[in-house]
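Please read the structure below before turning to the comments.
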Amino acid sequence: MPRDFLAGARDQYDVVVIGSGLGGMTAANILGRLGYRVLLLEQHYKLGGLATWFRRPGGNIFDISLHGFPYGMVKSCRRYWNEEIANGIVPLRTIRYDNPMFSLTTRFDRDDFTRLLTTRFGQPPEKVQEFFEFIRKMNFYDDQTMTVKELFDRFFPGREDIIRLLMEPITYANGSTLEDPAVAYGIVFSNFMAKGVYTYRGGTDDLIQRMKEELLKNGVDVRVRCPVERIHIVRRKVAGVTVHGRYLAARAVVSNANLLATILRFAGPEHFDKDFIEEVKAVRLNNSSTQVYIALKQGDLLDESIGDLLFSSTAPYFRTEALLSRNITSRTFSFYYPSLRPHAPPRCYVVSSTNARYEDWANLSEEEYRKSKQELINSTLDALEKYVPDIRQRVAHVEAATPRTFERYTGHLAGASFGTKFEGLRVSRALPHQVEGLFHAGSVGIIMSGWLGAMNYGVIVANEVDNYLACPSLTVRKG
Amino acid sequence: MTPAEIRSLIVEILANIVPDVDLSQLRDDVPFREQLPLDSMDFLDIVMELRKRFRIQIPEDDYGMLASMASAIEYLSPRLVREKA
Ligand SMILES: Cc1cc2nc3c(=O)[nH]c(=O)nc-3n(C[C@H](O)[C@H](O)[C@H](O)COP(=O)(O)OP(=O)(O)OC[C@H]3O[C@@H](n4cnc5c(N)ncnc54)[C@H](O)[C@@H]3O)c2cc1C
């Protein structure tokens, strides 16, 4: 008999959270802490969503999305999780760029960027300050007509090298392009510039384990291997969900799954206004990724001066379009040193990431797919050779992930790595006005994605859910 | 609750949110965000804390009323009448 992953579950909850990405877990934790009966359902066999890791024989462990996040994580972890988690957050000190336009090392914060922009890139200090102040004051509800390109043209016209310095890391971090709204770029970039780039000591596995313990402590009923099949809606009001064929009643449902899948697949378009569904269908997904995971042999320790993050490119100019191409010229290398997991045997890892298009990988035959993955691995090792000589002799384990991999593990449409483009935010926010008690908290609109963005969006939505549950009549349907 | 009680309650909530800041010089007529290092998440925490303590409803459209001490007291006074702290 198959195991019952819902054994002991109640028949009804105040809140059902669909998906245990950082947004879903954070919303579940806050609502559990407030005393609501919360059920967290995750389709995968472990929690974390894209904040994940995997193990391979020989004690190797790879992190998927632990390349760096802004300092704001410290505050969010302290408030919405606990002190121990917040204390695990440590700075990355060495961020490098290496491309045909420039090679440099930076702490990736405002002071250091001011130094670089005024000395190396010859910009007047007032101009640089004006730029930083301009983007720091941006709000997500601001005017969205200005594009990133217009922003750069305004402050640094004709300076492709400066655009590359300011933009390349953010394009990697969330898939944004020069055509996206400047506010989306400005908010994310300012978050990093405030204090630089941070990581979590202990690794993703330690973080998620601690979060799980905190969820349980706060009374959240946590279930893995539980894919929600359906969100039930009766007369424009949420009633419950179906999982493993079992109906569970809920006063509110928070979906951390992909926005489009939530509305079109789990809920069904018939429960929404027609023009809302048109708006939903026009929401563009963000791009996907490829990654190559490389473990060096135990005891082969890289010198930390290689850096923590390296934005490497052989492309003469920075073009967001080129970053998506399967003809890869640009990669982000993350170097992991034994200090990341102080209790594990001393090992170094390198993870290479690129942005990628789902279409380029989706329709390959199994044979072509295997070959393409091998090519990806080979070209990555070739590129890494420049920074880690004799890399091929030093590798203990190597493998690749593609947009298909990301799709399989998270159920995200087209393996989207960073949710939806900017217009998704509006749709996500409008959900409870369409269907009472239905909320979405997951990567949308560039700003609400990434570890910090997803987590904070979970907080914003938990606040709305609490407001709704405390007094449903006040959350009236608009329109 | 009296305006003075509401004021000290808000100061108490703020003290948890920005523990390193001296709140004794806080000016009631100036928006919080112009005198304190508060971001929009901090602001949300104030709303959540008020709701937790008093089960008081603050619709999103009214968040602007909490921008300064003076407007927050004015907004909250009639709403916290029969609540117990
Ligand atoms: C390769 C890569 C590298 C990245 N690097 C970084 C980085 O260095 N720093 C950073 O800040 N961010 C990074 N990100 C982005 C970051 O990981 C994500 O933005 C963030 O983790 C998303 O969180 P989320 O809450 O939106 O949910 P997700 O992590 O997307 O999780 C959604 C969850 O919902 C579950 N689910 C879906 N459907 C169902 C269903 N029907 N029933 C039950 N469960 C369901 C999924 O299984 C999943 O667990 C990276 C992303 C990728 C892909």
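Excluded from the calculations below are hydrogen atoms, water molecules and symmetry mates; all remaining heavy atoms, backbone and side chain alike, are included. Every chain is numbered from 1, with letters handed out A, B, ... down the list of sequences.
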Check your understanding: Can you name the residues that form a side-chain hydrogen bond (donor to acceptor under 3.5 Å, both in side chains) with B/D20, not counting sequence neighbours?
Key -> none

Exercise for review: Look at A/I30, A/N463, A/V459 and state which one has the largest set of heavy-atom pairs under 4.5 Å with chain B.
Suggested key: A/N463

Check your understanding: Among residues 72-79 of chain A, which ones touch chain B with a heavy-atom distance under 4.5 Å?
Key -> A/K75, A/R79

**Study point:** Residues which pass ring pair (Phe, Tyr, Trp, His ring centres under 6.0 Å) with B/Y75, listed by chain and number, not counting sequence neighbours
**Key:** none

For [X] and [Y], test the side chains for any donor-to-acceptor distance below 3.5 angstrom and give the result as yes or no.
| X | Y | answer |
| --- | --- | --- |
| A/S255 | A/T262 | yes |
| A/E214 | A/N29 | no |
| A/D466 | A/Y36 | yes |
| A/S443 | A/Y457 | no |

Check your understanding: Which region of B/D42, side chain (C-beta onward) or backbone (N, CA, C, O), has a non-hydrogen atom less than 4.5 Å from a non-hydrogen atom of chain A, or is it both or neither?
Key -> both

Point to revise | Residues forming a side chain to side chain contact (heavy atoms under 4.5 Å, CB included) with A/T114, sequence neighbours excluded | key: A/R110, A/T118, A/V128, A/F132

